[in-house]
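Chain identifiers are assigned alphabetically (A, B, ...) following the order of the sequence lines, protein sequences preceding nucleic acid strands; residue numbering begins at 1 within each chain. Side-chain atoms are counted along with the backbone in the values below, which use heavy atoms only and exclude waters and symmetry mates. Quick caveat: nothing in here was measured; it's all calculated off a predicted structure.
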2 protein chains.
Amino acid sequence: MRFHSPAIQYFHAVRRTGSIRAAARVLNVASSAVSRQILKLEQEVGSPLFERNARGLTLTTVGEMLARHVMNVLQDLDRFRSDVASLSGAWHGTVSIACIESLTESVLPDLIASHRGRARRVSFTTEVKGSSDVLEALSRGEADIGIAIALRHPPDLRQVALKRFRLGALVAREHPLARRKTVTLEQCLAFPVIQALPELSIYHLLQPLIAQLSETPEPAIQANSIDLMRELAARGVGVAFQTQLGIGRLSRDSQLVFLPLDNAGSPVWSDLGIYVRAERTLPAYTESFLQELVRELGERERRENVAYPQTS
Amino acid sequence: MRFHSPAIQYFHAVRRTGSIRAAARVLNVASSAVSRQILKLEQEVGSPLFERNARGLTLTTVGEMLARHVMNVLQDLDRFRSDVASLSGAWHGTVSIACIESLTESVLPDLIASHRGRARRVSFTTEVKGSSDVLEALSRGEADIGIAIALRHPPDLRQVALKRFRLGALVAREHPLARRKTVTLEQCLAFPVIQALPELSIYHLLQPLIAQLSETPEPAIQANSIDLMRELAARGVGVAFQTQLGIGRLSRDSQLVFLPLDNAGSPVWSDLGIYVRAERTLPAYTESFLQELVRELGERERRENVAYPQTS
DNA sequence: ACATGTTGATGCCGTTTCGGCAACAGCTAT
DNA sequence: ATAGCTGTTGCCGAAACGGCATCAACATGT
């Protein structure tokens, strides 16, 4: 199904790879063919689309505009294809997800497994990144659905849903804090803490709170892996901070205890946003999964608020 | 600037004209070329796109799906072009408007004139239709902006704004009703009335109210032109019904008086919706005009509510 | 400073695609 | 039955495309 002129496809490949020859390799054509199509495009637009650096190509301003258009075209073509396919009953396609690490423990594997159980022809691609990288991948068209901490998102993205989860401390069952219902930051800082590095979004959630305190204690351990932090906390090394989402049902049968965090008497929230490219209609199978994702996250949000009712 | 494969453009032309030969004439190519491109498209999609009737072509279900995709592509191409053009400072393009007749007296000419005064390179195409035809033209991609009575709109359209205006009676200055501040339907029906035909949206606004009355009096005159109805009312022929919008400042220095309509003690509203295709990003110049349109209608809505404050 | 590997651009040439002309079959309305 | 419309199909010239080899320009490594 090759509706669109080769120039469109070639341009897209060159933009992604950042090089004409690399694009030619991906497309299985001669580099000269790619080069010519790009030149032809630039002639028709009347303005260069790339800046030729010795080491490859970089988009110019008009190039970025065209990139946006081409992305819209190709993504909408995907949707059209899926619409036609779903007409003959066969759903197949790939849902591409970019998300932060909190989802990998329980939410995403559960959802994907259950969805694959019902629609086996739909495959998945997931990539774990930092919050800002998630939004960036989405903007560049490298993912269909993005889940990230709800910061200010760029205007070319649309926030489909916003769910808030409580931030909390994670300690071993034998930890002195383990018997409390909730904890404050000060209480936690009396013990060795396992601090997240700036590349994790938890860092940016806790940083403003820590800055409010009179003293900024030395963290015992710094890490950039949610998993590692959790395992360290289970071994009694110290207090880790995570959203309840990252724990799932693990907290029941494991050595870990989750303690909702309070600050100045009110809970500390972590806002999770679900994002999609704004200028786009999703394929049916992607839309379907998106609905389930929103529903599931809403369900978890509700369940947690029952388990840890707001104190205020 | 011809990025896209001829098949796309040909398909678009065939869909609009409903005939291969007619499309060929529009495109200035031989009909055989168009025919082949369509056949090639159908082969690549793997399913017929048109039903061949003896008198022309009609879209099949997959054809309609492709039509939607092609429309998205071509409209987004327009936006890209305008983005590039606005980069070099020169705004030019065409804003295509479909609207109901109420706007033609004052709102639209005022706005277009003022906009052309500032951006002379932007041209306009306006088409006056019935409310449902406005929405249909928008769906088919034949207009960029639509203004219609706010009925239930199809899901592929987006309601940008919703403004409500009072419906009222229009009578000559010497008419017995002219001294009143407001009127009810019963009071009007005591006199000869100029009734709108079903093709005008006013008909559908008044019909449910008339049905509530005990008797349905014979209308003196039926017409399908807002203008004609206004002129008839000015000559004292009878009572016409219109939204305040259709009158503008004419009511001051003319023979006409506008009397807001009350029904069961509360005003009768006419909801005006501004619509845009949902799966679409507007070109900069269109977006700019749209903003002004929304602002202007909001302004008029506010002004009228001052002139005729709500009685309830 | 030199060699090497990379980048994108070009000239040449065979293949593919596209478009125009004319003729065809199918249908409709007069 | 005739005339007028429809879409389709061979045939052929023109335009576009892709592949190969080559070139100049630049970066990197020795």
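The pair A/R140-A/E127 does not count as a salt bridge, with every side-chain nitrogen at least 4.0 angstrom from each carboxylate oxygen. Between A/R68 and B/D83 a salt bridge is recorded (basic side-chain N to carboxylate O distance below 4.0 Å).
Counting non-hydrogen atoms under 4.0 angstrom, A/F50 reaches nothing in the nucleic acid. Backbone-only contact: A/R52 has heavy atoms under 4.0 Å from sugar-phosphate atoms and none from a base.
Here the shortest heavy-atom pairing between B/F50 and B/E42 reads N-OE2, 3.3 Å. When every heavy atom of B/A143 is checked against every heavy atom of B/A98, the shortest pair comes out as CB-CB, 3.8 Å.
One cannot find a donor-acceptor pair under 3.5 Å joining the base of C/dG5 and the side-chain atoms of A/R21. Side-chain N/O atoms of B/S19 and base N/O atoms of D/dC5 include no donor-acceptor pair closer than 3.5 Å. Within 3.5 Å, a donor on the side chain of A/R36 pairs with an acceptor on the base of C/dG11, or the reverse.
Classified by interplanar angle (parallel below 30°, tilted 30° to 60°, perpendicular above 60°), the ring pair A/H115/A/F124 is perpendicular. Ring geometry for B/H69 versus A/H4: interplanar angle over 60°, hence perpendicular rather than tilted (30 to 60°).
When the P atom of D/dT6 is taken as reference, atom CD of B/E51 falls 19 Å away, rounded to whole Å. Atom-to-atom, CD of A/Q9 to P of D/dG18 comes out at 10 Å; the value is rounded to the nearest Å. Spacing between atom NE2 of A/H4 and atom P of C/dT17 amounts to 18 Å, rounded to whole angstrom units. If you measure from atom CG of A/N53 to atom P of D/dA25, you get 17 Å, rounded to the nearest angstrom.
At the phosphate of D/dC17, neither OP1 nor OP2 sits under 4.0 Å from any side-chain N or O atom of A/Y10. Using a 4.0 Å cut-off, some side-chain N or O of B/S35 falls inside it from OP1 or OP2 of D/dT8.
Listed candidates were C/dA22, D/dG19, D/dA27. Nearest to the side chain of B/S32 is C/dA22. Closest approach to the B/A54 side chain among D/dG7, C/dC21, C/dT28 is made by C/dT28 (side chain taken as heavy atoms from C-beta onward).
Scanning residues 37-47 of chain A for heavy-atom distances under 4.0 Å to DNA chain C yields A/L39.
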